[in-house]
Amino acid sequence: MPDRGVEPPAEDDYTELVLAVVERIPPGRVMTYGDIAEYVGRGGPRQVGTVMSRSGAGVPWWRVIRADGHPVRGLEDRALDRLAAEGCAISGDRIRLSVARWNPGAD
DNA sequence: AATTTGACGACCG
DNA sequence: TCGGTCGCCAAAT
């Protein structure tokens with residue numbers, strides 16, 4: 001049987017796809033739940049949220065934000081801390097999407 | 001098996 | 001700009 005090594009997650013393919021995308025978001029940049037759903041081509045924003053809530057602890061979850069620019073619901077302070085430390089474009093309590101939004105494949 | 005919930009998003013007033 | 005409402009799509013209860 002295959003050795004699982006040090007990386008625990010991988011409960012299913014969809015989860016893996018989502019986490020893989022989040023892993024690629026560069027520091028100081030962000031993606032919305034909808035962006036990720038569209039990019040992986042399955043499910044929707046809410047499904048991405050479900051995956052992150054359940055299995056997002058091991059990836060840069062603070063770089064995944066809502067479409068209105070607000071950071072993750074319930075963890076806003078920690079997310080803003082981290083993003084600020086990365087030099088992300090922030091305006092008040094929300095991210096400047098027009099500046100910080102990142103698209104994989106176009107990097 | 002049916003209903004409610006959730007780290008969402010577009011629309012509208 | 002802000003809050004209310006409805007639509008979406010699985011997971012959890």
Side-chain angles (χ1 to χ4, degrees):
Chain A
M1 59 190 321
D3 181 359
R4 203 156 285 359
V6 295
E7 291 304 324
E11 304 200 355
D12 65 85
D13 292 335
Y14 186 71
T15 298
E16 240 188 285
L17 281 170
V18 171
L19 296 183
V21 174
V22 176
E23 274 283 339
R24 301 175 43 175
I25 305 176
R29 308 299 297 283
V30 299
M31 280 182 80
T32 71
Y33 294 92
D35 288 343
I36 294 170
E38 183 180 11
Y39 185 75
V40 304
R42 271 210 269 165
R46 309 203 68 142
Q47 177 56 10
V48 173
T50 299
V51 169
M52 289 304 289
S53 177
R54 190 182 166 208
S55 318
V59 298
W61 51 264
W62 56 90
R63 296 176 191 151
V64 182
I65 69 174
R66 295 210 254 154
D68 64 1
H70 280 112
V72 181
R73 194 178 283 278
L75 296 172
E76 310 184 350
D77 292 336
R78 294 181 189 83
L80 285 172
D81 267 355
R82 299 221 183 229
L83 289 170
E86 296 177 353
C88 182
I90 302 175
S91 178
D93 64 342
R94 83 174 67 174
I95 311 306
R96 285 204 208 180
L97 270 173
S98 58
V99 178
R101 197 175 213 162
W102 181 73
N103 185 301
D107 67 339

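A, B, ... follow the sequence lines: proteins, then strands. Residue 1 opens every chain.
- The Ala67(A) side chain lies nearest to dG9(B) when the options are dG9(B), dG6(B), dA7(B).
- Expressed to the nearest 0.5 Å, how far CD of Gln47(A) lies from OG1 of Thr15(A) amounts to 7.5 Å.
- Using a 4.5 Å heavy-atom cutoff, the side chains of Met31(A) and Val48(A) are not in contact.
- Under the 3.5 Å distance criterion, the side-chain polar atoms of Tyr39(A) are left unmatched by any main-chain donor or acceptor of Pro104(A).
- Remark: the backbone N or O of Ala100(A) is paired with a side-chain donor or acceptor of Arg29(A) at under 3.5 angstrom.
- For the pair Ile65(A) CD1 and dG9(B) C1', the computed distance is 13 Å after rounding to whole Å.
- For Arg66(A), the listed nucleotide lying nearest its side chain is dC8(B); candidates were dA11(C), dA7(B), dC8(B).
- Applying the salt bridge (Lys or Arg N to Asp or Glu O under 4.0 Å) definition to pairs two or more places apart or across chains, none involves residues 76-85 of chain A.
- With rounding to the nearest 0.5 angstrom, the CZ atom of Arg46(A) is 12.0 Å from the OG atom of Ser53(A).
- Within a heavy-atom distance below 4.0 Å of DNA chain B, no residue of residues 94-107 of chain A is found.
- A side-chain hydrogen bond (donor to acceptor under 3.5 Å, both in side chains) check over residues 98-107 of chain A, counting only residues at least two apart or in different chains, returns the pairs Asp35(A)-Arg101(A).
- Sorted by residue number, the members of residues 70-91 of chain A with any non-hydrogen atom under 4.0 Å from DNA chain B read Val72(A), Arg73(A).
- Within residues 20-48 of chain A, the residues that place at least one heavy atom under 4.0 Å from DNA chain B are, in residue-number order, Thr32(A), Tyr33(A), Gly34(A), Pro45(A), Arg46(A).
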Kindly list each side-chain donor-acceptor pair under 3.5 angstrom involving residues 60-67 of chain A, sequence neighbours excluded, with atom names and distances?
{"from": "Trp62(A)", "atom 1": "NE1", "to": "Glu86(A)", "atom 2": "OE2", "distance (Å)": "2.9"}
{"from": "Arg63(A)", "atom 1": "NE", "to": "Glu86(A)", "atom 2": "OE1", "distance (Å)": "3.2"}
{"from": "Arg63(A)", "atom 1": "NE", "to": "Glu86(A)", "atom 2": "OE2", "distance (Å)": "3.2"}
{"from": "Arg63(A)", "atom 1": "NH1", "to": "Ile25(A)", "atom 2": "O", "distance (Å)": "3.0"}
{"from": "Arg63(A)", "atom 1": "NH2", "to": "Glu86(A)", "atom 2": "OE2", "distance (Å)": "2.7"}

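- Atom CG of Asp68(A) is separated from atom P of dC8(B) by 9 Å (rounded to the nearest Å).
- Between Tyr33(A) and Val72(A), the closest side-chain pair of non-hydrogen atoms falls below 4.5 Å.
- When rounded to the nearest whole Å, the span between CG of Leu17(A) and C1' of dA10(C) equals 16 Å.
- In this structure, Cys88(A) and Ile95(A) approach most closely via the heavy-atom pair SG-CG2, 3.8 Å.
- By the 6.0 Å contact criterion, CD on Glu23(A) is enclosed, its count of non-hydrogen atoms from other residues, nucleotides or ligands being greater than 12.
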